[in-house]
Structures are given as C-alpha cells and as structure tokens.
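Below: the structure, in structure tokens.
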Amino acid sequence: MNITIKNGRLVDPRNHVDATTDIFIAAGRIAALGKAPAGFRPEHSIDAKGLVVCPGLVDLSARLREPGFEYKATLESEMHAAVAGGVTSLVCPPDTDPPLDEPGLVEMLKRRAESLNLAHVYPLGALTAGLKGTHLTEMAELVDSGCVAFSQADTPLIDTQMLWRAMQYATTYSYQVWLRPQDSFLARDGIAHDGEVATRLGLSGIPAFAETIALATILTLVRETGTRVHLCRLSSAAGVDMVRRAKAEGLPVSCDVSAHHAHLADTDIGYFDSHCHVVPPFRSQRDRDALRQGLADGTIDAMCSDHAPVDEDAKQLPFGESEVGVTGLELLLALAIKWADEMKLPLSAAIQCVSARPAAILGLDAGHLAVGAAADLCVFDAKAHVRITAAHLRSQGKNTPYIGYELPGRVRHTLVGGRVVFEA
Amino acid sequence: MNNPQLNDRGGLRHLLTIEGLPREILVNILDTARSFVSLSGREVKKVPLLRGKSVFNLFFEPSTRTRTTFEIAAKRLSADVINLNVQSSSQTKGETLLDTIDNLAAMHADMFVVRHSQSGAPHLIARHLTRQNVVNAGDGRHAHPTQGLLDAYTIRHHKKDFSKLSVAIVGDVLHSRVARSLIHVLNILGTPDVRAVGPRTLLPTEIERLGVRVYTDMAAGIRDCDVVVTLRLQNERMQGPLLPSPQEYFKSYGLTPERLALAKKDAIVMHPGPLNRGVEIDSAVADGPQSVILQQVTFGIAVRMAVMAILAGQGKAGAA
C-alpha cells in the first residue's frame, strides 16, 4: 500500500535528520522524503502535523511469556502492547518454559509471531541447554532457526569454565553473547540493593559489587576470547565506569539499561511497593544518576523496556515473595523522552537510544528512515502527556510503579513494513 | 507519600513500624501503658475498653511469647480473641495471604495482630483493609514495634530521661527486627548515644544511617552504657557463613559479669527473649541484679494493651 505521512517532524538520529518533511511509503519501504516520487499515488494518508515521526522502536528485551507462561501474558497481548508503544522490533530473551534452547521452539515462536503480523520478533537462544549452565546449545542450528544471539537471561552462569567455553564456542561462528553481569553467590537470597533502604526495610541485600565482580570476569574473558558481548541491564555506577574503560580499551562490548532503572532508585520502594521488585535491583540514587549519564555519553548504548508482564496476584504478595519484573513495552518511549527532557538533551537523543543504537547492536537494518529503509516507524505526539492506568495498558501485565503517573508522549500511529498496525 | 500508619487526623490507624511515627504518639503509648501496669497487680485485671471487639492473632510464623502476651493484653481489654497459626492451615493449601485476610475480615474482625516471616507483610495487609486496624507483631527483619515500645517503656521505668542515655544493642543486628524498632524508638525519644555492637557479619550495610554508632569491639561498645540490650542469636546462624561457632561468639560478644562491669554501675540488662544462655548472655548476668528481662515481659502486656486501646479509639491518642 502506498502511504503518505504529511507535515510531520521527522526525527531520524542515525541520518541526522530533524526536520518537518513528508514521507512517502511504497512496497513496505521509504520511497521518498520531502517530494513524492514520480507517479506516486497514496492510498492512505496520515496527517502528522504537530506530531513526531521517528523510526520504530527497537527493544532489546521484552518477555512475551510464550511458551510456558501464558497465564502471565500471551504473544498476542504483548505484541499489541509493543506496537501500541511504538515498538516495531523486539528481542525476546530465552527464559520461557521450556527455554529457547531447541530450533523447533524458536521456529514455532517466530512463526506464531509472524502470523500475528505486528512487530518483528528476534529471539535470543539459550547459551546453555535449559539455561542450566552445563551443556552448550546447538548454536548454529538455533541461528538457522532465527536466533540473533545467545543469552543466559536472568540465570547467570556460575561456572566460569562453562562461561569461557560458551564464549569461545560462540566466537567460532562470530555470534554475539548477551550476559547480565551478576555474581550468583553474592546475589543469593537478595531482593533489594544492599544499602540504607534495604537495611531500614529489613530486606536482604544484593551488593553493587555482585555486578562489578561478574563484569570483571566477563570483561577478562572478552579480552581473552574476543567474543562480542552485549552486557544487559547495568545497574551500578561502578559498573558503568568499568564498561566505559572497557570501551576505551577497545573491547567489543555494548550494553543497555532498563528504562525503569534510568529513572528509579531503591528509595522508590517506599512502603514495600512490590512493583519495584526487579532484577537487578533498583540501586542508590547515585547509581541511577550514573546510569543516566552513561546513557547520555554513549557508554550505555541503549535503553530497553526489560518488559516482564506479571499477573497482579503475583505482585499482591509481601515484597520478598512477589514476582520480579515490570511491564515496559508501552512505557519505553515515554521513559526515554522523560530521560532526555530531564537531562536537557534533544528529543533525538531519546529516540537514538531506543532505535538506531539498539538496531546497531543487533546489526539490523532498522532504527532509521532513510530512503530504501523498511517503513517501520512510529508517529507520536511529543507534547501530549498520558496518565498511565491499568486500563490504558494493552499488555496483560499492569505491573509498573508508574501507574497513576503522567508521562510524556502519546503514540498515534505505528507502522511495520509499511502497514499501519496501530492507531489511536 | 502518606504515612500508612496514620489516619487523616494524624492519629494512629495501624502500628506497622516505629519509623516515621511522631514523638507524641510514642509518648502517649508509653503513658497509656503506665496506667495499665498498675492494673496487672489488681485482683480484677480486666477493663472493658475493647468489649465486643474481635482481635485476630494471625501468626504466620511460630511464636509463643509474643502471641501469648498479645492474647493476654486483648483479653484484659475484654476483647474476643481468636488465635490462628496460619502456617499450619490455609497457606499450605495455596491460599494467598490476602485471601486469608479477606476471609477473616468477613468474620467481622476488628483488629489483626500479624506476625510474618516476610518484611513488609503487615504493610501489604494494612493497605488492603479499609476498616480494621493492623498491629505488626514482627515482620521478617523489618520491625517489631511493640517490642521496641516495651523496651522503651522498660528503659524509661528505670532511667527516666532518654536525653542522657547511652544504649548498646549487642549481637545479630542484621536479622533483628527488634534492633531496628529499638533504634528508631530511642532516636525519636531523643537518646543521644545508641550503639550497635557486633561482628561485621551481623551488622547490616549502612546501619549507621539509622542513627547508631557502630562498634565491633564489645568492650568499647558497652563501656559506660546505661542500658545493654543483648539480641537473640538464632540457632541456624551460629555456625555458617556469618559465624564460626557459638563458642567463639560467646568469647567475643557474650555478656558476662566481667564485661557488664565495663558499663555503668547501675546499667540495666535487657533481652527480647528467648534466651540462649551461654551464647549471647551468661546466666549470671541473665539472672543477676541488673537484669530486667522478666520485667520486660510484664511491661510488654501493658504496652500491647495501650497500643490496642489507642487503635480502637479508646486511648488519648486515638482522638489525636
């Protein structure tokens, strides 16, 4: 279908564009900018006057809960949430049940996602069979079936020999390994950042050095193996410093932070708000500020939703017994805008962190809107504020501490491959 | 954030933690408790303040002493008391905490006295209820506010003026809700010198931010103190990653007569019970003239009566 998006402010950080321009879409791709190509007849026109047009968001971590956890969310509910949030590509971690450690599972997930015809889904394969940390998965087979990289999700490898071998093996094929740095022994039984708040509330702590000790191990192995490693969900100021030095040294690492971690700290737990029970834990305000700064200076490449829909019953429990995670697909854009606003950065900085930069980590030709690029894009009202309510969220998970808050940015249209998949 | 313990007039609605409560409310509880202490010595020990009210003792974690003193306190206020040991019934059948609460609330409970192994469980319950009062009888490592208050009552009984006191809290502060509540109550009542004494492994991160001075040397920690509070060391923590053995713990931190001699001559010795004789405290001290451990138990009933009376709107603070 030929579509024209008129009068919008196109913000495309990768191509250094921030200007009002018309966009012409044909055969699922950007056919022209500014001036219609010869003979172009639009079948559909979107008036984007006063609105921003940006590349569709690329989310580096969204749990779709299929297979295995359909009571928390379904592929369908979460894919609708994704496009409602302007997310057109998403990476799903392998922590499903069973974990994504066999080609058949990955193929089924890809096929189910494709049949919904909403956002693109890029699965991460399990780095070890069943995420158990003892046997390598058939990585080459998994890549053939659609995996884009390999990960242990939230169950870090405790066996460093296994980690070393898994990284070596992945590097044989130039595959990327995604790791969340956390020392399992130091994190054992912990439910909150080890600091004043945890001490006051009587919650057992996870020290920040649970992250940095694991990071030191991973970075040492990267130095030895040359593995391309993506570091998931940094949480500490010291961790950001280590990544900054690793990048300066030239190590092939990238990293992300979750949108909620860029805004919240352990103090937000307040009176045991289980919506703030997350992994890694929200740390001190100083850590939070370092994450925000790291994102601004490029040490942290991307902001992701770390979407984890949890049913309300699993949150209506004492803090330590409640299930971890926040819903995030529909808040990612808003929290990126809020971060840029508060950091006094231009809107393009926010968009870059959730589109061009995560696309680069994945090596995808996505996250930008040059002529010829896939027409995956989001049209939103940057001036509007939306009050976040459970009813407003399309995700089956309503679990976010932002319920009741007003956040900037209202998504109006989402297009994937030149098709309108969401309108509000 | 509104303090979930206070009603819109600033009076006490629930007692969940000492932290954040105004001084006047604490003093009022202690004053009210004093009027109930004299009652305990009388022939007829009952007053009708809670007549017709149902108090549910809801213990998700085993307890004998605390549950019994709450039961006695409620009965002396003429309330109907229902004791439930929940770990043995519904929770094992998969019922959630709030389902249990809803069911009990439907039985016209007026007040819940809750003990739970998870920090914050009473907050969750209080947030869920619209009509009933909640008294925290100990949640995880977080708070044990009536214990903190009875400790404060005992200290006030013997020492009168908090503004001149040095209080040493010795032992497993890391896992202790008693220590946290006591630290808060002492700070709010204006105690200038509160000390946490123990090995590094049993002192939680940034505990000094709660308003204590940290000592790892027992002798320095109790020197010239007016009050020494020894904490119970749980059996399962005596040998493992935090401590090598109960013997070594006693050698370094056990309260012996020799160590107690470092404190002021008229120092009192307290313990929340139950005692581990020969682990955190020597019998000669526990049974000695400076020990007020059994008095704590007696005062505990009066303090719990005061808390329940005030929550039911029958004390002076209820109308505050």
Side-chain angles (χ1 to χ4, degrees), chain A residues 71 183-210 236 264-277 281 283-287 310-324 399 401 403-405, chain B residues 1-6 14 16-20 60-61 91 94-102 114 116-128 136 138-144 173-181 183-184 196 203-212 214 241:
Chain A
Y71 59 95
D183 184 284
S184 302
F185 294 109
L186 288 169
R188 186 174 55 211
D189 304 328
I191 44 181
H193 170 60
D194 191 42
E196 183 187 346
V197 171
T199 291
R200 279 182 189 277
L201 296 177
L203 300 173
S204 49
I206 302 176
F209 53 82
S236 70
L264 300 173
D266 57 356
T267 45
D268 290 295
I269 295 172
Y271 299 110
F272 301 96
D273 181 358
S274 62
H275 291 121
C276 289
H277 188 196
R283 297 199 181 276
S284 70
Q285 295 181 7
R286 199 180 63 84
D287 290 306
V310 171
D311 60 306
E312 209 39 39
D313 283 350
K315 284 291 189 186
Q316 288 294 325
L317 291 170
F319 192 90
E321 289 177 353
S322 66
E323 193 173 328
V324 297
N399 47 306
I403 294 285
Y405 281 72
Chain B
M1 240 177 304
N2 289 328
N3 189 328
Q5 307 190 87
L6 302 181
H14 306 290
L16 307 175
T17 174
I18 300 289
E19 189 179 10
F60 295 88
E61 195 182 71
Q91 302 276 298
E95 188 175 75
T96 70
L97 175 58
L98 294 183
D99 282 340
T100 304
I101 295 295
D102 283 337
V114 181
H116 201 286
S117 60
Q118 288 286 332
S119 300
H123 273 85
L124 177 73
I125 294 168
R127 202 155 46 224
H128 184 70
N136 181 1
D139 63 326
R141 307 173 179 186
H142 171 234
H144 194 349
V173 180
L174 176 65
H175 298 97
S176 179
R177 52 197 176 210
V178 173
R180 284 171 178 76
S181 285
I183 290 167
H184 290 307
L203 296 170
T205 306
E206 297 186 25
I207 182 69
E208 61 281 359
R209 307 272 300 209
L210 271 64
V212 294
V214 171

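Heavy atoms only: backbone and side chains are in, while hydrogens, waters and symmetry mates are out. Letters A, B, ... are given to chains in the order of the sequence lines, protein chains preceding strands, and every chain is numbered from 1. Source: prediction; values computed, not measured.
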According to the interplanar angle, ranging from 0 to 90°, do the rings of B/H123 and A/F272 count as parallel (below 30°), tilted (30 to 60°) or perpendicular (above 60°)? tilted
Testing A/E323, A/H275, A/H277 for side-chain contact (heavy atoms from CB on, under 4.5 Å) with A/N399, which one passes? A/H275
Based on non-hydrogen pairs under 4.5 Å, which of B/P4, B/P204, B/A121 is most in contact with chain A? B/P4
Which bit of B/I207 is near chain A, if near means a heavy-atom gap under 4.5 Å: side chain, backbone, both or neither? both
Do the side chains of B/H116 and B/I125 get nearer than 4.5 Å, heavy atoms only? no
B/L16 versus A/Y271: any side-chain heavy-atom pair under 4.5 Å? no
What I'd like to find out is whether the side chain of A/D268 reaches to under 4.5 Å of the side chain of A/P401, using heavy atoms alone. no
Taking C-beta and beyond as the side chain, do B/L124 and A/F319 meet within less than 4.5 Å on heavy atoms? no
Closest heavy-atom contact between A/K315 and A/S274? O-OG, 2.6 Å
Contact list (residues 196-203 of chain A to chain B, heavy-atom gap under 4.5 Å, by number) returns A/E196, A/T199, A/R200, A/L201, A/G202, A/L203
Answer with side chain, backbone, both or neither: which region of B/R180 has an atom nearer than 4.5 Å to a non-hydrogen atom of chain A? side chain
Could you tell me which portion of B/H128 (side chain, backbone, both or neither) has an atom closer than 4.5 angstrom to a non-hydrogen atom of chain A? neither
Hydrogens and angles aside, do B/E95 and B/T100 bring a side-chain donor and acceptor to less than 3.5 Å of each other? yes
Which bit of A/S204 comes within less than 4.5 Å of chain B, counting heavy atoms only: side chain, backbone, both or neither? both
Is there a side-chain contact between B/R177 and B/H142 in this structure, where contact means two heavy atoms from C-beta onward sitting under 4.5 Å apart? no
Relative to chain A, which of B/T205, B/L174, B/D139 shows the most heavy atom pairs under 4.5 Å? B/T205
